[in-house]
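Notes follow the structure.
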Amino acid sequence: MTSYGSSSTASSGSRTNGLAIASLCCGIVGLFILNIVLGPLAIIFGAVARRRAAVENGAGMAKAGIILGIVDVVLWVVLLVVAASNGGFSWYVGG
């Protein structure tokens with residue numbers, strides 16, 4: 001007789017840390033939009049996920065998220081410096 005839903009097959013898969021995934025996603029999306037918001041979030045999520053890496057998988061994704069978060073913040077600073085050296089910010093709306 002076949003037993004469906006046995007606990008040995010259901011729990012055999014390893015779980016990836018959700019904060020590591022969030023860190024990586026924030027780091028990747030932060031390269032394109034809202035890098036000043038998503039960059040620090042990626043760093044924070046990655047740091048917390050690295051501390052939990054002993055219990056859950058995802059240390060590599062957390063490290064990549066931290067690196068991408070740092071790149072996001074540096075990119076924002078570079079864009080801010082370039083914009084400031086070109087005469088500041090100006091918003092043009094409409095025709």
Side-chain angles (χ1 to χ4, degrees):
M1 178 176 255
T2 306
S3 64
Y4 293 104
S6 69
S7 62
S8 64
T9 59
S11 64
S12 65
S14 62
R15 298 203 30 107
T16 303
N17 191 345
L19 287 174
I21 296 171
S23 173
L24 186 63
C25 291
C26 286
I28 292 172
V29 174
L31 290 173
F32 303 106
I33 57 171
L34 295 174
N35 50 2
I36 191 57
V37 175
L38 295 177
L41 282 177
I43 295 169
I44 293 168
F45 289 159
V48 173
R50 294 265 305 174
R51 290 187 184 171
R52 293 185 182 177
V55 178
E56 299 175 359
N57 294 332
M61 282 192 283
K63 189 174 183 180
I66 291 170
I67 293 169
L68 285 172
I70 292 169
V71 169
D72 290 344
V73 172
V74 169
L75 180 67
W76 181 78
V77 169
V78 168
L79 290 174
L80 186 68
V81 168
V82 167
S85 69
N86 287 335
F89 298 100
S90 64
W91 296 92
Y92 177 73
V93 179

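Quick caveat, the model's predicted, so the values are computed rather than measured.
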Report task. Hey, could you give me the CG/CZ distance between Leu19 and Arg52, rounded to the nearest 0.5 Å? Result -> 5.0 Å
Contacts under 3.5 angstrom, residues 25-50 side chains, donor-acceptor by atom type, not counting sequence neighbours:
none

Report summary line: When Val82, Leu75, Val77, Val81 are each screened for side-chain contact (heavy atoms from CB on, under 4.5 Å) with Leu79, the one that passes is Leu75
Query - Hphob cluster co-occupancy, Leu24 + Ile21, side-chain heavy atoms under 4.5 angstrom - result: yes
Donor-acceptor pairs under 3.5 angstrom involving side-chain atoms of residues 62-69: please list them, not counting sequence neighbours.
none

